[in-house]
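Scope of the values below: all heavy atoms of this structure, side chains included, with no hydrogens, waters or symmetry mates. This chain uses plain numbering: 1 for the first residue, then up along the sequence.
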Amino acid sequence: MTEEQRIKELRQQLHEHNHRYYVLNQPTIDDQQFDQLMHELEHLESLHPELYDPNSPTQRVGSDLQKEFRQVAHRYPMLSLSNTYNEQDVREWYEQVRKGLGGEDFEVCCELKYDGLSISLTYHDGRLVQAVTRGDGVQGDDVTQNVRTIRSIPLQTLPQPTLPIDFEIRGEVLMPWASFERLNREREAAEEPLFANPRNAASGTLKSLDPKVVASRGLDAYLYYLLGDELPAEGHYENLQAAAAWGFKISQGIKKVKTVEEIIDFINYWDTERKNLPVATDGIVLKVNSLRQQRALGYTAKSPRWAIAYKFKAERACTRLLEVTYQVGRTGAVTPVANMEPVQLAGTTVKRATLNNEDFIRSLDLHIGDYVFVEKGGEIIPKIVGVDIDQRPIIAQPVQFIRRCPECGTPLVKSLTPAPSLGGEGSIYSQAQKANSGQTKKVTTPLPSEGGAGGEAIWYCPNDTGCPPQIKGRIEHFIARKAMNIDSLGPETVDEYYRRGLIHNVADLYDIEVQQINGDGSRTKSAQKIVNGIAKSREVPFERVLFALGIRFVGETSARLLARHFKNIDALMTASPEELQEVEGIGEVMAKSIVGYFHNETNLRIVERLRGYGLQFALSEEQTAAQSDRLAGQSIVISGVFQHHSRDEYKLIIEQNGGKNVGSISSKTSFILAGDNMGPSKLEKARKLGIKIMSEDEFLDYLGLLT
């Protein structure tokens with residue numbers, strides 16, 4: 001491969017990794033691997049200036065901008081910091097600062113680097129007026145309403161004589177370990193994809209369109225930089241102390257030092273002590289303390305010269321594999337789990353780690369009794385990243401994937417399945433596995449899972465009507481918030497009712513009576529609440545009932561599209577695979593799964609029972625009356641803030657009238673439904689491509705909905 005080809009390859013890889021990190025919140029490599037790729041590209045580009053490209057990843061910082069929020073320009077650009085992973089680079093930075101200041105003495109403020117989502121908070125007269133994400137560094141998303149739900153961020157500062165009229169304070173919004181573990185337990189119980197780490201969870205939460213969701217997830221925030229025209233001090237450290245007096249939560253680990261040896265001591269101390277913190281940290285930030293000296297040192301194109309981030313290496317431990325057990329999920333997917341001798345890792349005791357699937361086990365050449373390397377890094381989900389072959393016992397036996405269901409004894413079936421969507425097939429730990437690099441020669445490392453790139457071989461139990469975990473899992477899926485929303489029930493209650501013989505499938509829920517679940521008579525109120533919640537679920541619309549049935553591969557979006565297309569359960573039940581594939585987004589695998597579901601006599605009996613209990617198995621008259629083909633064949637982008645309807649309501653209106661919602665502008669876009677504060681980048685792209693921009697009133701008038 002030529003250096004020119006390598007440059008092109010690196011640019012493409014880094015663009016994809018940036019998108020996965022900032023937009024999808026699903027990184028597939030760690031920060032150090034990303035930085036290595038970036039440094040290689042920077043080096044090659046420096047050797048070949050003739051290959052300059054303004055769109056190269058080296059010419060920009062990453063962006064977390066999302067179309068659902070209004071974009072706001074930063075008064076002061078939010079640049080990223082240069083990263084280093086070794087002591088020598090820290091010493092070199094220290095000397096560069098010394099030279100840049102002409103030998104003048106300086107102090108360095110050492111701070112913990114919290115692993116969250118960067119936020120900029122603006123205050124006027126002591127009141128929070130705006131909260132904006134880092135975005136692309138020049139502009140960010142306005143998330144003020146969501147930030148107001150974070151209790152550690154003051155809506156009104158404490159009265160202090162040093163408080164400026166106007167100031168900006170920056171920091172990290174993050175999710176504490178306790179909140180993160182609770183959230184992932186809830187998602188695991190619902191068989192929803194787990195968040196890979198607290199940073200992704202915090203980002204996904206803060207970008208939620210529902211402030212109630214944000215409030216429920218227990219976010220926290222640490223503030224680390226003060227900006228403004230009338231700051232209380234000329235020192236960064238001193239300004240943070242003032243901010244703490246105003247009511248802001250600042251770093252628990254912060255120290256002002258003068259020598260590079262003191263910096264190294266600080267790094268070494270927190271590399272161990274950080275494991276006892278309630279939140280995730282991934283490094284140390286070093287800043288020249290004097291604001292005057294910061295101004296003198298200035299900036300490069302992407303980062304300040306007066307600051308640098310030292311990143312901790314991912315923590316790894318070696319422990320012995322005792323046995324491999326197997327879990328059966330709602331859709332019958334069988335996931336192998338490594339049970340190990342307990343080992344301390346990233347502040348917690350680790351005893352179990354996912355092994356993903358049979359191919360992953362084979363790639364490790366895993367044997368019972370092996371000493372395995374386990375990593376967490378910034379992630380809560382432990383993962384095995386290698387095996388120490390030198391310590392393998394002579395009598396160790398290779399791990400053999402089971403061939404019968406561990407719960408019901410049914411022979412397992414192997415199927416090559418597409419990557420799971422919400423409510424689809426697949427391991428609940430599917431996001432946890434990454435390829436590992438940099439192992440010593442005595443370590444075997446797994447190949448990366450290909451599940452996200454087209455499918456992975458999964459063993460599953462086909463006894464979907466008689467396997468206990470599948471039965472209980474389908475009931476838990478049925479009652480979930482995004483399905484039937486029977487919030488008075490939970491996994492523990494479902495397990496209890498199943499063990500008592502009260503329920504064997506989802507239809508049995510509608511037979512439950514208060515006296516059956518009232519126990520000794522002391523739980524009448526809670527029992528009545530459960531029965532009332534089940535009764536209320538009869539009002540849930542058809543598309544969510546269809547999702548609640550738990551048909552393999554049919555997620556929320558697919559269920560909505562199928563409901564809109566077929567309009568009732570009878571038309572869907574009799575549809576052929578070819579007819580199903582006429583629906584946008586329904587492929588061959590999903591079509592076969594739907595046909596198979598409705599050819600199963602047990603499933604048909606359950607559907608008919610649910611119909612008899614009054615569940616909605618057809619679109620309402622209001623929904624069908626609102627449908628037309630006025631937007632048929634048109635691809636529409638929604639942007640901005642609206643007055644008459646919410647964005648979700650407009651998406652529904654577009655679908656009801658035959659249109660297709662798309663997320664980004666291209667030459668195939670028919671028009672843009674634009675509200676107030678449409679993003680300037682979208683506006684510019686629309687003008688460049690000559691795409692029509694339709695106002696809210698024009699759109700409603702076009703459909704005859706303007707009142």
Trainee: Excluding sequence neighbours, so at least two apart, what forms salt bridge (charged side-chain N to carboxylate O under 4.0 Å, His left out) with Glu496?
Mentor: Arg500

Trainee: Quick one: does any side-chain atom of His565 pair with a main-chain N or O of Arg560 as donor and acceptor, under 3.5 Å?
Mentor: no

Trainee: For Pro342 and Thr319, work out which heavy atoms get closest and say how close.
Mentor: O-OG1, 4.5 Å

Trainee: Hey, mind stepping through Val337 and Gln327 against side-chain contact (heavy atoms from CB on, under 4.5 Å) and telling me if it holds?
Mentor: CA-CA 7 Å; Val337 177; Gln327 296 177 336; 3.8 Å; yes

Trainee: What about the rings of Tyr650 and His644, do their centers lie closer together than 6.0 Å?
Mentor: no

Trainee: Heavy-atom distance under 4.5 Å between the side chains of Asp464 and Arg474, does that happen here?
Mentor: yes

Trainee: Between Thr410 and Pro462, is any pair of side-chain heavy atoms under 4.5 Å apart?
Mentor: yes

Trainee: How about Leu610 and Phe617: do any of their side-chain heavy atoms sit closer than 4.5 Å?
Mentor: yes

Trainee: Have Ser593 and Arg552 got a donor and an acceptor in their side chains that come within less than 3.5 Å?
Mentor: no

Trainee: Would the distance check show the side chain of Asn600 and the main-chain N or O of Thr602 forming a donor-acceptor pair, the cut-off being under 3.5 Å?
Mentor: yes

Trainee: For the pair Glu655 and Lys660, find out whether any cationic side-chain nitrogen is under 4.0 Å from an anionic carboxylate oxygen.
Mentor: no

Trainee: Nearest heavy-atom pair of Asn146 and Leu206: which atoms, and what distance?
Mentor: ND2-O, 2.8 Å

Trainee: Would Asp511 and Arg609 pass as an ion pair if we require N to O under 4.0 Å?
Mentor: yes

Trainee: So, are Arg182 and Glu186 salt-bridged, with charged N and O less than 4.0 Å apart?
Mentor: yes

Trainee: So how far is it from Ile534 CD1 to Lys536 NZ, rounded to the nearest 0.5 Å?
Mentor: 14.0 Å

Trainee: Can you list the steps and then say if Glu539 with Arg544 is a salt bridge (charged side-chain N to carboxylate O under 4.0 Å, His left out)?
Mentor: CA-CA 10 Å; Glu539 302 171 9; Arg544 280 173 51 195; over 6 Å; no

Trainee: For Lys207, is there an ion pair with Asp141 - N to carboxylate O distance below 4.0 angstrom?
Mentor: yes

Trainee: Counting only N and O atoms by type, is there a donor-acceptor contact under 3.5 Å from the side chain of Asp370 to the main-chain atoms of Leu366?
Mentor: no

Trainee: With a 4.5 Å limit on heavy-atom distance, are the side chains of Pro198 and Asp115 in contact?
Mentor: no

Trainee: Report the C-alpha distance between Cys405 and Val334 in whole Å, list the side-chain angles of each, state the deciding distance to 0.1 Å, and finish with yes or no for side-chain contact (heavy atoms from CB on, under 4.5 Å).
Mentor: CA-CA 8 Å; Cys405 176; Val334 178; 5.8 Å; no

Trainee: Rounded to the nearest 0.5 Å, how far apart are CG of Leu321 and CD1 of Ile384?
Mentor: 6.0 Å

Trainee: Would you find a donor on one side and an acceptor on the other, under 3.5 Å apart, between the side chain of Asn518 and the backbone of Val514?
Mentor: no

Trainee: For Ser203 and Leu117, work out which heavy atoms get closest and say how close.
Mentor: OG-CD1, 3.9 Å

Trainee: For the backbone of Ser576 and the side chain of Glu579, can you confirm whether one donor and one acceptor N or O come within less than 3.5 Å of each other?
Mentor: yes

Trainee: With a 4.5 Å heavy-atom cut-off, do Leu561 and Glu543 have their side chains touching?
Mentor: no

Trainee: Between Lys472 and Asp495, is the closest basic N to carboxylate O distance under 4.0 Å?
Mentor: yes

Trainee: Within this structure, what is the CZ-CD distance for the pair Phe542 and Gln616, rounded to the nearest 0.5 Å?
Mentor: 10.5 Å

Trainee: Thinking salt bridges, do Asp570 and Arg611 make one under a 4.0 Å N-O criterion?
Mentor: yes

Trainee: If you apply the rule side-chain contact (heavy atoms from CB on, under 4.5 Å), what do you find for Met340 with Arg320, and how did you get there?
Mentor: CA-CA 6 Å; Met340 307 168 294; Arg320 193 162 67 95; over 6 Å; no

Trainee: Do the side chains of Ile402 and Trp459 get nearer than 4.5 Å, heavy atoms only?
Mentor: no

Trainee: Is it the case that the side chain of His599 and the backbone of Val595 share a donor-acceptor pair, with hydrogens and angles ignored and the cut-off at 3.5 Å?
Mentor: yes

Trainee: Could you tell me the separation between the CG atom of Leu219 and the CZ atom of Arg151, rounded to the nearest 0.5 Å?
Mentor: 12.0 Å

Trainee: Could you tell me whether a side-chain N or O of Asn603 sits under 3.5 Å from a main-chain N or O of Tyr597, the two making a donor and an acceptor?
Mentor: yes

Trainee: Assess whether side-chain contact (heavy atoms from CB on, under 4.5 Å) is satisfied between Val637 and Leu673, documenting all intermediate values.
Mentor: CA-CA 6 Å; Val637 171; Leu673 171 56; over 6 Å; no

Trainee: Mind listing the closest non-hydrogen atom pair of Phe360 and Leu355 along with its distance?
Mentor: CD2-O, 3.0 Å

Trainee: With heavy-atom distances below 4.5 Å as the criterion, would you say the side chains of Ile594 and Leu562 are in contact?
Mentor: yes

Trainee: Please report the closest heavy-atom contact between Val545 and Val540, naming both atoms and the distance.
Mentor: CG2-O, 3.6 Å

Trainee: Residues in side chain to side chain donor-acceptor pair (under 3.5 Å) with Tyr498, at least two apart?
Mentor: none

Trainee: Could you tell me the separation between the CE atom of Met175 and the CG atom of Asp220, rounded to the nearest 0.5 Å?
Mentor: 10.5 Å

Trainee: How many angstroms lie between atom CD of Glu588 and atom CG of Leu580, to the nearest 0.5 angstrom?
Mentor: 12.0 Å

Trainee: Does a side-chain heavy-atom distance below 4.5 Å link Val554 with Ile586?
Mentor: no

Trainee: Looking only at heavy atoms, which two atoms of Ala483 and Ala548 are closest? And how far apart?
Mentor: CB-CB, 3.6 Å

Trainee: Do NZ/NE/NH1/NH2 and the carboxylate oxygens of Glu476 and Arg330 come within less than 4.0 Å?
Mentor: no

Trainee: Please state whether the rings of Phe401 and Tyr326 are parallel, tilted or perpendicular, taking 30° and 60° as the class boundaries.
Mentor: perpendicular

Trainee: Are any side-chain N or O atoms of Glu181 and backbone N or O atoms of Ala178, one a donor and one an acceptor, separated by less than 3.5 Å?
Mentor: no

